[in-house]
Amino acid sequence: MQGVFYPEAEYVYTGMAHKASQIFEGSLFDGDVNAIVDFKYSSDPRLTWWFDHHQSAFLTPEDAANYRQDRSGRKLYDPSYKSCTSYICAVARERYGFAPADLDQLVEWANIIDGAQYPDAKTAVELGAPAMKLTLVIEGSKGSEIIQRIIGWMQHRRLEEIAAEPEIQALFEPLYERHVKSVDLIGGRAQQDNGVVYFDLTGYDLEGYNKFIPYYLFPACTYTVSVSPSRFRTKISVGSNPWAKEEPKHNLASICERYGGGGHARVGAISFEPGAVEKARAVAAEIVEELKQ
């Protein structure tokens, strides 16, 4: 976008998280140009650009209708793509002839991470690659200052150079220690039954755990379901093993949509209000039983 349309603009990035309530506040659309990437659609007339690839892209039927009526050519949706990055790259290349080679490494890893295209669970969990280290820092950092800086660096520098920055290393080390402990914690709390791994992280600050840990610990499983409360939501995560011997037969986005959530066919989530642990446990139990069939 910057290279094609707005070379002199100031860019500000805001991370989003799914919540039980309406997720878009009016104050978010405070730019001359506003874009949503890899997240739910908004019918706010101040939205300029939208890219998404999730099956569950629309909060309401009205939002879906608003999207279908758009004639700007800048609200773009294709759930056939495994990563939103690959979709954006295809549009930028095919429509606008924009394909900067200096972003190839970043694009390659964004596709791997967003599309869960790791060769195995070991690669996804042991975090050996610089891109994986940066992912841990981005997901685990509090506040936006360092995230804004990383995004700026990523536009001009290689990932291994960014990961070697002293301030990145200082953030990574404690986050990695927490990550290693989370592997042991999940291993101690998880139960596997008929191809489904379930665990409840109530009482532990681990909503941001690595979603591939269950497949690292239980490589023969097909699905995973977990409950993880936080200060702003109670979350159910539902996933399928990318390395399962048999193709999963359930559409996880469709299952999650029944409870107000969504996602992709292979991974989904549901967000309830904070403190709704018993409700989340009951729904998770229903999903576990369905996935065992």
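All residue numbers refer to positions in the sequence shown, counting from 1.
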Which donor-acceptor pairs under 3.5 Å do the side chains of residues 100-110 make with protein atoms, sequence neighbours left out?
{"from": "Gln105", "atom 1": "OE1", "to": "Leu159", "atom 2": "N", "distance (Å)": "3.0"}
{"from": "Gln105", "atom 1": "NE2", "to": "Glu160", "atom 2": "OE1", "distance (Å)": "2.9"}

**Prompt:** How would you list, by chain and number, every residue that makes a ring pair (Phe, Tyr, Trp, His ring centres under 6.0 Å) with Tyr198, sequence neighbours excluded?
**Reply:** none
**Item:** Test ring-ring contact (aromatic ring centres under 6.0 Å, His included) applied to Tyr209 and Tyr204, step by step
**Value:** CA-CA 11 Å; Tyr209 70 89; Tyr204 299 91; over 10 Å; no
**Message:** Determine whether Tyr176 and Phe172 satisfy the following criterion, ring-ring contact (aromatic ring centres under 6.0 Å, His included), listing intermediate values before the conclusion.
**Reply:** CA-CA 6 Å; Tyr176 182 71; Phe172 172 76; 5.4 Å; yes
**Donor-acceptor pair, side chain of Asn210 and main chain of Ala124, under 3.5 angstrom** = yes
So, using side chain to side chain contact (heavy atoms under 4.5 Å, CB included) as the criterion, who are the partners of [X] when residues are at least two apart?
X	answer
Gln192	Val197, Phe218, Cys221
Arg46	Phe29, Asn34, Asp44
Lys75	Tyr41, Leu47, Trp50, Tyr67, Asp70, Ser72
Ala164	none

Listed once per pair and sorted, the salt bridge (Lys or Arg N to Asp or Glu O under 4.0 Å) pairs that draw on [range], sequence neighbours left out:
range	result
residues 76-85	none
residues 185-199	Asp193-Lys292
residues 111-125	Lys122-Glu126

**Message:** Test of understanding: with salt bridge (charged side-chain N to carboxylate O under 4.0 Å, His left out), list the residues that count as partners of Glu290, not counting sequence neighbours.
**Reply:** Arg258
**salt bridge (charged side-chain N to carboxylate O under 4.0 Å, His left out) involving Glu10 - partner list, sequence neighbours excluded** = none
**Message:** Between Val277 and Phe272, is there shared hydrophobic-cluster membership here, with clusters defined by ILVMFWY side-chain heavy atoms closer than 4.5 Å?
**Reply:** no
**Prompt:** If you round to the nearest 0.5 Å, how far is OG of Ser141 from CG of Leu134?
**Reply:** 10.0 Å
**Message:** What I want to find out is whether Glu139 reaches Lys211 closely enough, with some N-O distance under 4.0 Å, to be called a salt bridge.
**Reply:** no
**For the student: nearest non-hydrogen atoms of Ala116 and Pro242, plus distance** = O-CB, 4.3 Å
What donor-acceptor contacts under 3.5 angstrom involve side-chain atoms of residues 84-94, with partners at least two apart or in another chain?
{"from": "Ser86", "atom 1": "OG", "to": "Ser83", "atom 2": "O", "distance (Å)": "2.8"}
{"from": "Ser86", "atom 1": "OG", "to": "Ser83", "atom 2": "OG", "distance (Å)": "3.0"}
{"from": "Tyr87", "atom 1": "OH", "to": "Tyr77", "atom 2": "N", "distance (Å)": "3.0"}

**Prompt:** Just wondering, are more than 12 heavy atoms of other shown residues or ligands nearer than 6.0 Å to CD in Glu173?
**Reply:** yes
**Request:** Classify the angle between the aromatic ring planes of His53 and His264 as parallel (below 30°), tilted (30 to 60°) or perpendicular (above 60°).
**Result:** tilted
